[in-house]
Amino acid sequence: MDRNGFISELRRVFSLCGIGELLSEEAESRLFRLSEYLVSENEKYNLTAVTDCPGIILRHLADSASLSPLLREGASLLDVGCGAGFPSLVLAILRPDLRVSALDATEKRVRYVASAAELLGLSNLTAICLRAEDGARGEMRESFDFVTARAVARLPILAELCLPYVRVGGSFLAMKGSGGELELSEAGKAISVLGGKIEQVRESTLSDGQGETLTRMIAEIRKISHTPALYPRHFSKISKKPL
Ligand code: SAM
């Protein structure tokens, strides 16, 4: 990967996606090192199917960064099912003011995220190896300003994994693709039972200006009341009988 070529492509795509102002010299350099590290460790950890430079920039970096405008200065953020650290690692790089926790059930992915954060000197990211439904019963319950998840489960299931972590007054930001509206309508009951309310739905198209486009939706679900103690249930129940 050529550093100068990567950085000029990164600037071009972020600017086309309307998020160019998020890039500082330090962030550009960290995003380059993160992308190099992702590709070099991919075989060992089985992290992503996207390994070409334009694909990484649009599908992983720009998509993750598109959450930033919704995150209040100094907020705490939990990324449920972070995988290779998307969106958590990117947001920790672009927004040093955030306190980011990246949670995944797969130990080797969590090890990768922790080592990437160490390599890049990110003191604002903590990697946690847990099943989401287990962690939400402990001290992290209702403790985050924002909880997000990308490509983890359909929304009726995801709501039960994520909303229990959101403090009352905070928000669950579900990152979805083109089927997002349908999932949102299916998740209506789950959202209300778990103490949430749909605040806004942001639809956008991320484009690299060269024919690659991504249709994205971010649903902001505000936590308006406590999640009943019964939730989250055991995963087999959540998946067999979504709320
Ligand atoms: N968010 C990343 C992204 O967008 O690239 C990773 C997506 S990957 C397809 C889904 C991840 O969710 C996997 O790493 C998996 O281990 C994790 N996951 C699925 N169910 C989970 C659960 N109940 N608790 C914690 N992690 C979970």
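All ligand and atom numbering here is 1-based and tracks the order in the structure. For the numbers below, each heavy atom of this structure counts, side chains included, while hydrogens, waters and symmetry mates do not. One is the number of the first residue; the rest follow in order along the sequence. Quick caveat, the model's predicted, so the values are computed rather than measured.
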Exercise. Report the member of His60, Arg109, Met175, Arg59 with the shortest heavy-atom distance to atom 13 (C) of ligand 1.
Key: Arg109
Quiz item: More than 12 non-hydrogen atoms from neighbouring residues, nucleotides or ligands closer than 6.0 Å to CD on Glu26, yes or no?
Solution: no
Quiz item: Can you find a side-chain donor-acceptor pair between Arg131 and His234 that sits under 3.5 Å?
Solution: no
Exercise. Determine the minimum heavy-atom distance between Arg141 and Thr227, stating which atoms define it.
Key: NH2-O, 3.2 Å
Practice problem: Write out the residue and atom name of the closest protein heavy atom to atom 8 (S) of ligand 1, then the distance separating them to 0.1 Å. | Solution: Ala151 O, 3.7 Å
Quiz item: Among protein heavy atoms, which sits nearest to atom 16 (O) of ligand 1, and what does the distance come to when rounded to 0.1 Å?
Solution: Asp104 OD1, 2.6 Å
Quiz item: So which protein heavy atom does atom 21 (C) of ligand 1 come closest to, and at what separation?
Solution: Arg131 NH2, 4.3 Å
Quiz prompt | Salt-bridge present (Arg12, Glu9; N to O < 4.0 Å) | solution = yes
Quiz item: Closest non-hydrogen protein atom to atom 4 (O) of ligand 1, residue and atom name please, with distance?
Solution: Arg150 NE, 2.6 Å
Quiz item: Quick one: which of Ser64, Ala105, Ala149, Ser88 has a heavy atom closest to atom 26 (N) of ligand 1?
Solution: Ala105
Self-check item: Per-atom contacts of ligand 1 with Ala132, taking only distances under 4.0 Å to non-hydrogen atoms
Solution: 22 (C), 23 (N), 24 (N), 25 (C)
Quiz item: Just distances here: any N/O of Asp79 and N/O of ligand 1 closer than 3.5 Å?
Solution: no
Quiz prompt | Closest protein heavy atom (residue, atom, distance) for atom 20 (N) of ligand 1 | solution = Val152 CG1, 4.1 Å
Quiz prompt | Those atoms of ligand 1 less than 4.0 Å from some heavy atom in Thr106 | solution = 16 (O)
Quiz item: More than 12 non-hydrogen atoms from neighbouring residues, nucleotides or ligands closer than 6.0 Å to NZ on Lys237, yes or no?
Solution: no
Quiz prompt | Ligand-residue contact atoms, ligand 1 with Gly83, heavy atoms, under 4.0 Å | solution = 6 (C), 14 (O)
Quiz prompt | Close aromatic pair by centroid cut-off 6.0 Å: Phe172 and Tyr165 | solution = no
Self-check item: Close N or O approach (Phe235, ligand 1; < 3.5 Å)
Solution: no
Self-check item: 4.0 Å heavy-atom contact, Cys82 with ligand 1
Solution: yes
Quiz item: With no hydrogens and no angle check, is any side-chain donor or acceptor of Ser171 less than 3.5 Å from a backbone partner on Leu173?
Solution: no
Quiz item: What is the nearest protein non-hydrogen atom to atom 6 (C) of ligand 1, stated with its residue, atom name and distance?
Solution: Gly81 O, 3.4 Å
Quiz item: Is the number of heavy atoms from other residues, nucleotides or ligands under 6.0 Å of Gln200 CD greater than 12?
Solution: yes
Quiz item: Can Asp145 and Ser76 be counted as having a side-chain donor-acceptor contact under 3.5 angstrom?
Solution: yes
Practice problem: Can you sort out which atoms of ligand 1 are near Phe86, meaning under 4.0 Å from one of its heavy atoms? | Solution: 1 (N), 2 (C), 3 (C), 4 (O), 5 (O)
Quiz item: So, Glu212 and Arg59, do they make that salt bridge, N to O below 4.0 Å?
Solution: yes
Quiz item: What part of Leu130 sits under 4.0 Å from ligand 1 if we count only heavy atoms: the side chain, the backbone, both or neither?
Solution: backbone
